[in-house]
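As structure tokens, the structure follows; a few thoughts come after it.
This chain uses plain numbering: 1 for the first residue, then up along the sequence. Since we're looking at a predicted model, the values are computed, not measured. In listed order, ligands and their atoms are each counted from 1.
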Amino acid sequence: MKQQLEKIETLAKEELSACKEIKLLDDLRVKYLGKKGELTAILKQMGKLSADERPVIGQLANKVRSDIEGAISEKLSILKENAKAEKMKAESIDITLPGKVQSLGKLHPMTVVENEIKDIFMGMGFSIADGPEVDDDYHVFEALNLPPDHPARDTQDTFYISDNILLRTQTSSVQVHVMETQKPPIRIISPGRVYRSDAVDATHSPIFHQIEGLVVDKGITMSDLKGTLELLMKKIYGNDCKLRFRPHHFPFTEPSCEVDISCFNCGGKGCSMCKDEGYIELLGAGMVHPKVLEGCGIDSSVYSGFAFGMGLERMVMGKYDINDLRLLYENDVRFLEQF
Ligand code: DAH
């Protein structure tokens, strides 16, 4: 029996040392130490032993059991350690590998300049107004003193949804929406998209952007308009920039003017960019026509106002020396990256 016990211990240890999986350890435990295991089978025969032999063999059997148990738990911790090390190895990352460079996007030059203009006007107490791009004839033309058959409608041919509903040709329509819903004092700008049935070339597009401005209050004069625009242009184009106000005609302002600024390229000397003029036209403006004020329910004997509308594309092209409008719409990253 003694030999049998020693044999069991030897076999168990051999099998344990060959064992490579934690789940097989349990099978070995059952095989050797379980109720139907080999050690138990031998202990069951203890009854056959003499009284002298029994304590000796009993002691040996206990030793074998605890040896095997010890060996199993030792093996278990070795296998667990191995499994952990292998997992760490599999999940390890090489921190010396160079990272993947993510290319960061940025704002489109149109958005940059629009934001800059908004900031400047908000600094002067203006708020930002929004108006519909699909509008009716009344708000785009009629209320702005452009009755049907007015010749100025020719230059603003647009896309009609029906006889009365159309894509707005100018953000000036927002003036009417604002004056219909707000009482003076009014101080707003309204950036937005406008539409005209124009063919695409370096300076024209059927879709472009304007920023409208409107101030209505008691005692507003042309000098307020000049001061406001001068501050805007100097902030955008620098303190050396000079403004030129030329008389013009718009049906919705009286008097009306066009505003030019000294050429960004030559500073006023004359070059190919300004066609030797020294100046570049940027916007239309004037004192809001009394008829327009009255039509919106504002008493023109008490209130006066100025308004202006500038082309955002022009402002951007001037600021960044871009000579073709189409570049702004093509979304070519090689172009956009430069700003
Ligand atoms: N709406 C005009 C245009 O598209 C620009 C303009 C001129 C707007 C005079 C105004 C203004 O508000 O007072 O050409």
Would you mind listing which atoms of ligand 1 come within a distance below 4.0 Å of any non-hydrogen atom of [X]?
X	result
Q210	3 (C), 4 (O)
T253	13 (O)
Q175	12 (O)
F250	7 (C), 9 (C)
S172	1 (N), 8 (C), 10 (C), 12 (O)
Q170	1 (N), 2 (C), 4 (O)

Would you call [X] and [Y] a salt bridge, taking side-chain N to carboxylate O under 4.0 Å as the test?
X	Y	answer
K118	E114	yes
K23	E21	yes
D137	R153	yes
E9	R65	no

So, applying side-chain contact (heavy atoms from CB on, under 4.5 Å) with M317, which one of L312, N323, L328 is it?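 Exactly one pass, corresponding to L328.
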Check: F308 ring centre within less than 6.0 Å of F121 ring centre: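 That pair passes the under 6.0 Å test.
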Regarding E15 and Y32, is there a side-chain donor-to-acceptor distance under 3.5 Å anywhere?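 Note: E15 and Y32 side chains meet the donor-acceptor criterion.
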When you compare the side chains of D52 and S50, does any donor N or O come within less than 3.5 Å of an acceptor on the partner?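 On atom types as modelled, these side chains do not qualify, holding no pair under 3.5 Å.
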Using a 4.0 Å heavy-atom cut-off, say whether F308 meets ligand 1 through its side chain, its backbone, both or neither.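 Only the backbone of F308 comes within reach of ligand 1.
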With backbone taken as N, CA, C and O and side chain as the heavy atoms from C-beta onward, which portion of M287 lies under 4.0 Å from ligand 1: side chain, backbone, both, or neither?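 Under 4.0 Å from ligand 1, M287 contributes no heavy atoms.
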Would A307 count as a polar contact of ligand 1, with the cut-off being nitrogen or oxygen pairs under 3.5 Å?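 Such a contact does occur with ligand 1.
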Cation-pi between K106 and F339: NZ/CZ under 6.0 Å from ring centre and within 45° of the ring axis?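 Geometry flag: not set, cation outside 6.0 Å or 45°.
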Identity and separation of the nearest protein heavy atom to atom 8 (C) of ligand 1: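 The closest heavy atom on the protein side is G309 N, 3.3 Å.
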At what distance is the nearest protein heavy atom to atom 11 (C) of ligand 1, and which residue and atom is it?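 Here the nearest protein heavy atom works out to F252 CE1, 3.5 Å.
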Check contact between F306 and ligand 1, using heavy atoms of the residue and a distance below 4.0 angstrom.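 F306 does not count as a contact of ligand 1 under the 4.0 Å cut-off.
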For atom 14 (O) of ligand 1, state which one of H289, R196, E212 supplies the nearest heavy atom.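 Result: the heavy atom closest to atom 14 (O) of ligand 1 is in R196.
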